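Structure first, then comments.
Every chain is numbered from 1, with letters handed out A, B, ... down the list of sequences. The model shown is predicted, which means the values in this text are computed figures rather than measured ones.
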Amino acid sequence: MSMYNPKKIESKWQKRWTKENFEVWHADDKSKKRKMYVMDMFPYPSGEGLHVGHVEGYTASDIMSRYYRMRGLNVLHPMGWDAFGLPAENYAIKKKIHPKIVVEKNVKNFTKQLRRLGFGYDWQREINTTDPEYYRWTQWIFLQLLKQGLAYEAEVPVNWCPSCKTVLANEEVINDKCDRCGTLVERKQLKQWVLKITAYAERLLEDLAVLDWPEKVKEMQKHWIGRSEGAELEFPVADSNLKIKVFTTRADTLPGATYLVLAPEHSLITTLGARIINQSSVKDYLEKAKHKSELERMAEAQTKTGVELKGITAINPYTQKEIPVWVSDYVLSSYGTGAIMSVPAHDERDFAFAKEFGLPVAQVVSEKKDQQELPELTEAYVGDGVMFNAGDLNGLPNHIAKDRIIELVGGKKRINYKLRDWIFSRQRYWGEPIPVIKCEKCGVVPVPEKDLPVLLPRVKNYQPTGEAESPLAAIKKWVNVKCPTCEGPAKRETNTMPQWAGSCWYYLRYLDISNKEEMVDKAKEKYWMPVDVYIGGVEHAVLHLLYARFWHKVLFDIGAVSTKEPFQKLVNQGLILGPDGQKMSKSRGNVVNPDEMIEKFGADSLRLYEMFMGPLEDAKPWQTDGIVGLYRFLTRIYNLVIGFKKAKEKLADSDKSVALDRLLHKTIKKVTEDIENFRFNTAISAMMILLNEMEKNKSQLSVVSCQLLVKLLAPFAPHLAQELWEQLGNETLLDNEVWPEFDEKLTEDSEVELIIQVNGRLRDKVLVSKVITQKEAEELVLEREKVKEHLGKKKPKKIIFVPGRLINIVI
RNA sequence: GCCCUCGUGGUGAAAUUGGCAGACACGCCAGCUUUAGGAGCUGGUUCCGCAAGGAGUAGAGGUUCAAAUCCUCUCGAGGGCACCA
């Protein structure tokens, strides 16, 4: 008997499913059918090649798209390359090959790997973010942001990675380390392009409600946006008409504000400089704070530092008391007003600061109601309570006092967000040039849209300079241009865009990849958007997914797209851990190579195993032993179908088993529902159960049952399914076949096993009609030997009956 | 420190969402098959017990006729945020 030979079968079908002219996977833009847009997070084509983690997500989306195609939907399932940015560039530097060549080579390798896995992409829509015809539109979107006042240049404190030699976005800094290379970031003050994502904070938060996303991701975005409601209050500076504005969420504690603290960068320190008595020690402190490394700041998180601005006092607008003003770097210049009112009694940080410097602590909110005197606080009391030591407000619940106080002192209610604007310049070569020209006379001039794309010039030296400029600055020919407005001498912006730029809108370009007039054709956009299913890792929860939503909303506002949100449903595949249960990494030596697995077991086995491992969203350890089971499963299907084909001549087609027929319909139902709910592991186990039964009843198989099994298998193991389909005498492609329907009646058994419990414990089981009534069941059950045994002489107190399932006799 | 998620056999996991715990698979054990191949087939496999039976879903308590599932606390793992006033 011939053996299941995945290598032979898979290469046979992969040759037919050619990238160039395989029309079945090509989505039709003019179809009248219902559309289904299934998209993966596209990879950056690293030199490492495809990872088993890629295989997991990509298999899931491949199953979805093959399934929906068989359901008669017009499926769009594209693939592309996120090839700009640090990963590609760092790799190029390491290997001393130009990034462009590296990317081309890696794309070729990735393509080969994806094809070996049998993924059914619409290759006619392949995109590459480094293609000038692609990034022309990335630059175009930047110009729209500029036009809308959403892109601006500013001198801002930035995170600088000394190893990658570039500025990083807030989102790229994890625990004060560079997300890419793990180096501790430095703080620098640099002139940068910044995108005003904060203008969209409220909408980015609000619209999370309409998204069908994992709660975890929504929660992370919510926290990252960090909305907090509070008030802005003004403290007059004594002997001056200046005022210090503070932001607080606890205006109710204003009576307990015993001093103010300014951030080191606060403008008032310079404005009032002359009045400061201890100028030299203040200067010292500011200087230290400026040069403090992130490491020192982290170490100091517990013990607070600061210095008093002697000679300057402010008036607490509620108590009218004169209070001191301090400077400390625990106050952030970039949040709120850069100044706070300090209430040591009701804020942990303020408490620590007051203890450090012996400043007064005044408790004004008390947990208990009728207290005459309060014991000395050993820690800040941050809970709710009633007002105390607060004049007219005494005895009032603090949340009511809050609004009163804001009104009384003329404060303004305000909402603040933790979200910061997106620092958009990178001092690196391998990115989209920012399409801006700087003219001595005209200032910042956008490159006219007709001159796009601004091509990234080929250079010999693409290593980062380590300065505030990218390597592009060295190319005089490219940098020096005529100003588009006045024709005078001008220079190009030499910074490039961050790696996230290209992925902010790629889902739109898949819809219309060769359009030279527009980013995307309106009709096509309207037909395909939004993306129905988006599958990728959770690591992009606050990076790519937030940025892309932001750009999409801007595009919506200027009428370029028709939906509020880009990705309707998001599914996160969980990490595949190494066999040791640890995250896969080269240094641990626990990386599993998908190529090796394909070599040994075939792509179908690998696909199936990764889907069978466990729930898609869960992190789960790789076990090479486990893939053997799926290989065996496929072998058995192969043997069953081929064996059936050989025996068919001798068998009559009519001797079908009713039980098998029922199981078949149950399985169709289970697999169908499981695919739609991304429960691939249980879908596969249902097919295994079916196969076990079919093997036991070989003599009762029919062509129809074999064909149904093959169709169910098709989205999961497309090569083997197609091969067996052909072996069964079909010339068609399974992609064009219709997904099997199930007969609801056949999925329901007329008889069920009734569980018999006494006092909640399982004592017996009995096969009964599904529609048995409580009365019938009681009569039947009370006559059973086992039940009588357990009842003894006692009478049932109560009988619980769950129709078609269970009966519980309580005694 | 704060927030979120999760703890089920030797392993990956399943459990119609409050109704038979451990489906399906890996591994292991026994047997069969001249069988040297990560082969196939049959049976067994949560724990204690010869059995009847009992115990059992990290631990303790609670709600319920009934809890892996709901509630409270404790412990443990993973992830996110981290001076955001």
Expressed as a whole number of Å, how far does the [atom1] atom of [N] sit from that of [M]?
N	M	atom1	result
B:U16	B:A23	C1'	13 Å
B:C20	B:U69	P	13 Å
B:G18	B:C65	C1'	12 Å
B:G56	B:G22	P	16 Å
B:A36	B:A68	C1'	45 Å
B:A85	B:U74	P	26 Å
B:U35	B:C50	P	40 Å
B:G10	B:U17	C1'	29 Å

Would you tell me if any nitrogen or oxygen in the side chain of A:Y631 comes within less than 4.0 Å of OP1 or OP2 on B:G38? no
Would you kindly say whether A:S228 and A:N416 are connected by a side-chain donor-acceptor distance under 3.5 Å? no
Could you tell me how the ring of [X] sits relative to the ring of [Y]: parallel (under 30°), tilted (30 to 60°) or perpendicular (over 60°)?
X	Y	value
A:Y547	A:W422	parallel
A:F716	A:F680	perpendicular
A:F353	A:F357	tilted
A:Y335	A:F247	perpendicular

Of all the nucleotides listed (B:A85, B:C3, B:G38), which has the minimum atom distance to the side chain of A:Y330?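 Looking only at heavy atoms from C-beta outward on A:Y330, the closest nucleotide is B:A85.
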Nearest listed nucleotide, side chain of A:T624, among B:G80, B:G38, B:A85: B:G38
Tell me if B:G9 is syn or anti. Syn = glycosidic torsion within 90° of 0, anti otherwise. syn
Syn/anti label of B:U74 as read from its glycosidic torsion, with the cut at 90° from 0: anti
For A:D618 and A:L419, find the nucleotide of RNA chain B closest to each by heavy atoms; which residue's nucleotide sits nearer the 5' end? A:D618
Residue whose nearest RNA chain B nucleotide is more 5′ - A:V331 or A:K583: A:K583
Using both distances under 3.5 Å as the test, list the Watson-Crick or G-U wobble partner of [N], or none.
N	answer
B:G1	B:C81
B:G19	B:C65
B:G40	B:C32
B:G27	B:U45
B:A13	none
B:C6	B:G76

Rounded to whole Å, how long is the line connecting atom [atom1] of [X] with atom [atom2] of [N]?
X	N	atom1	atom2	result
A:E379	B:G1	CD	P	13 Å
A:L254	B:A85	CG	C1'	13 Å
A:K600	B:G37	NZ	P	16 Å
A:H266	B:A85	NE2	P	17 Å
A:F601	B:G37	CZ	P	16 Å
A:L546	B:C81	CG	P	12 Å
A:Q774	B:C65	CD	C1'	12 Å

Reckon A:S228 touches a base, only the sugar-phosphate, or nothing at all at heavy-atom distances under 4.0 Å?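 It contacts sugar-phosphate atoms only.
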Considering every strand and a 4.0 Å limit on heavy-atom distances, what is the contact class for A:K620: base, sugar-phosphate, or nothing?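 Answer is sugar-phosphate: A:K620 comes under 4.0 Å of backbone atoms only.
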So does A:K304 reach the base of B:C83 with its side chain, donor to acceptor, closer than 3.5 Å?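 Side chain to base: pair present.
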Can you say whether a donor on the side chain of A:K216 sits under 3.5 Å from an acceptor on the base of B:G79, or the other way round? no
For A:S342, run the side-chain contact (heavy atoms from CB on, under 4.5 Å) check against A:D350, A:T258, A:D347 and tell me which one passes.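 Going through the options one by one, the only one that passes is A:D350.
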A:L640 side chain reached by A:L701 side chain, heavy atoms, under 4.5 Å: yes
Do A:L608 and A:F601 touch side chain to side chain, with heavy atoms closer than 4.5 Å?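 Side chain of A:L608 against side chain of A:F601, heavy atoms only: no contact under 4.5 Å found.
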If you measure from CZ on A:F633 to CE on A:M688, what distance do you get to the nearest 0.5 Å?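 If I round to the nearest 0.5 Å, the distance is 5.5 Å.
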Spacing of CG belonging to A:N681 relative to CE belonging to A:M613, to within rounding of 0.5 Å: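 Atom-to-atom, A:N681:CG and A:M613:CE are 11.0 Å apart.
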Please identify which of these residues, A:Y609, A:F612, A:Y638, A:Y4, meets the ring pair (Phe, Tyr, Trp, His ring centres under 6.0 Å) condition with A:Y631. A:Y4
Sequence-aligned protein contact record of nucleotides 47-57 of chain B, with B where the base is within under 4.0 Å of a protein heavy atom and S where only the sugar-phosphate is: -------SS--
Treat primed atoms plus P, OP1 and OP2 as sugar-phosphate and everything else as base, then score nucleotides 16-29 of chain B 5' to 3': B for base contact with protein heavy atoms under 4.0 Å, S for sugar-phosphate contact only, - for none. B--BB--BBSSS--
How about A:E202: does its CD atom have over 12 heavy atoms from other parts shown lying under 6.0 Å from it? yes
